[in-house]
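Residue numbers start from 1 in every chain, and the chains themselves are labelled A, B, ... in the order their sequence lines are given, proteins ahead of strands. Just so you know, these numbers use all the heavy atoms, side chains as well, and skip hydrogens, waters and symmetry mates.
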Protein chains: 2
Amino acid sequence: MMSSNKPAAPRAQSLAKSILGGGADLGLFEGGPTGRGVYATLRDQIVKLDLPPGTPLLRSELAETHGVSLTPLRDALQQLAKEGLVKIYPQSRTLVTPIDMSAIREAQFMRIALETEVVRRLAKEIAPEALARLRSIVALQGSVSDQPSDVPTFQELDEVFHQTLFVAAGHVQSQRIMRSHAGHLERLRRLHLDDIDEAGRILNNKDVIEGHSRILDGIEAGDAPAAMDALRQHLQRTVDRMTDKRAAFPEYFTQEKP
Amino acid sequence: MMSSNKPAAPRAQSLAKSILGGGADLGLFEGGPTGRGVYATLRDQIVKLDLPPGTPLLRSELAETHGVSLTPLRDALQQLAKEGLVKIYPQSRTLVTPIDMSAIREAQFMRIALETEVVRRLAKEIAPEALARLRSIVALQGSVSDQPSDVPTFQELDEVFHQTLFVAAGHVQSQRIMRSHAGHLERLRRLHLDDIDEAGRILNNKDVIEGHSRILDGIEAGDAPAAMDALRQHLQRTVDRMTDKRAAFPEYFTQEKP
DNA sequence: CTGTTCAATCTAATATATCAGTTAATCACA
DNA sequence: TGTGATTAACTGATATATTAGATTGAACAG
């Protein structure tokens, strides 16, 4: 496993892009192409905090800005509301929602539950080519440097790894459903990624790679409890690193009881 | 535990209704009250197979039949499409989808994964009043007879039990998300429930009650593996009883490779 | 008889208008 | 000064009209 100080190799970048390139809507948008385009744009802006929590979304303005009529815009806002990223107040107004820690906990719960079950099943049976693919992803991660400029690529490969687990288990759809409810978590993650030093701390490449390896070791050995424990520790470690950003950005979060 | 040949006691029925009474949309519909009403009606018809797979849904007719305009009808159809119950062909037509076994497998996978994690967490920590509540639900199930007329009530209590597990673990939202993708499974179940003799065989009260009790025993003993295994067996037993209805109703199902 | 082309019809997506409810500002009164 | 009522403006939900794409059937050619 080599660690290089150059930008991520083209292979690492292209693999991540080709698998994850699909786009923001995860196939969950219903409606025509116009609405889909507005939805993707708005979702991106919300998740990237370009439209921060509390922002009022004025339909007449948005329709003009995006050059669309009220109907596809409505479709887009309804989908965003279903994901909890927007709150539509009937007959009144539409606001970007604050980051909701309970939604985040739910997303984390779902992830742990679903992915643990995936790993359990893979430990019982996995196609050799799937295991080989997972191993090669981990190896590819090892070729990505710790440089801040490579953080996005490493993170994408991390996502590829986890997605490949679901693919191998034949349950991609569950991952899609799970991810479609992860908008709050994405925003929280964004608060961290905006700080590149901190991002580096969160995504400690060596730790992540080791975690992935231990998961695969358990799977390969047919040892479901070991694989599941490795995954739990891996995911828990990720969660623990999310230092509480609420003190720095209280206005971004829902008010929660102590 | 007494088994009576009279219709389910009012308490059993009222408890189930008061908890599950919420309605068909699980809070996932976005749009106004008109669209919500049409959505609920259509979903009910689809799930009950009153609108069987393959049925074309003509918007002009539906709008007239339900006394609504095209916009709320559109909202309703889009939500149904998101749940996979309807397929909207752009610029062309809208059809009720066939029952998709892969969607059913996904729903079952999600259920097993989420509920196993719930049970695991409850075995580590559960509020005494929550455990008492679960025990009382099981006791109430024991008071429901095996009579065919009591099948709906028993089934509802079954749902109450499982929902209460999620409530106790603080993850009701995950269950809602899971159930919102269970329309295909609901239709398959419907094929069975239409045959009351078979429904009785599927829902063997004593087995179900015993399964619930073993889950709670594991939880109460703080024995996560035992509780989880009990749940797995319980859910697996339910799945196994779903005899393959495809031979009898091939036209209701998607074509699958053998 | 089969395949291709074309036009009419049908249906969903989008555009625009109207209705229904909410909100904020102003005024009157105590 | 504070409170309640009124009204105009604003915004989302619904209704209706138009556009864009798909489908079907008829006619024609080989």
| task | Using only heavy-atom distances, determine whether the side chains of Thr97(A) and Arg187(A) contain a donor-acceptor pair under 3.5 Å. | result | yes

| task | Ignoring backbone atoms, establish whether Thr94(B) has a side-chain N or O less than 4.0 Å from OP1 or OP2 of dT11(C). | result | no

| With respect to the phosphate group of dG12(D), does any side-chain polar atom (N or O) of Ser92(A) fall under 4.0 Å of OP1 or OP2? | no

| message | Over all strands shown, is Arg59(B) touching base, sugar-phosphate only, or nothing at heavy-atom distances under 4.0 angstrom? | response | sugar-phosphate

| request: Classify the nucleic acid contact of Thr34(B) as base, sugar-phosphate or nothing, counting any heavy atom under 4.0 Å across all strands shown. | output: sugar-phosphate

| Flag if over 12 foreign heavy atoms under 6.0 Å of CD, Glu251(A) | yes

| request: Would you mind telling me which of dT24(D), dA15(D), dT11(D) lies closest to the side-chain atoms of Leu58(A)? | output: dT11(D)

| message | Is it the case that the side chain of Ser180(A) and the backbone of Ile177(A) share a donor-acceptor pair, with hydrogens and angles ignored and the cut-off at 3.5 Å? | response | yes

| task | Write down the distance between CD (Gln91(A)) and P (dA20(C)), rounded to a whole number of angstrom. | result | 10 Å

| query | Expressed in angstrom and rounded to an integer, what is the separation of Tyr39(A) atom OH from dT14(C) atom P? | reply | 16 Å

| note | Comparing nearest nucleotides in DNA chain C, the 5'-proximal residue of the pair Thr71(A), Leu57(B) is Leu57(B)

| Point-to-point distance, once rounded to the nearest 0.5 Å, from CG of Asp100(A) to CG of Leu185(A) | 12.0 Å

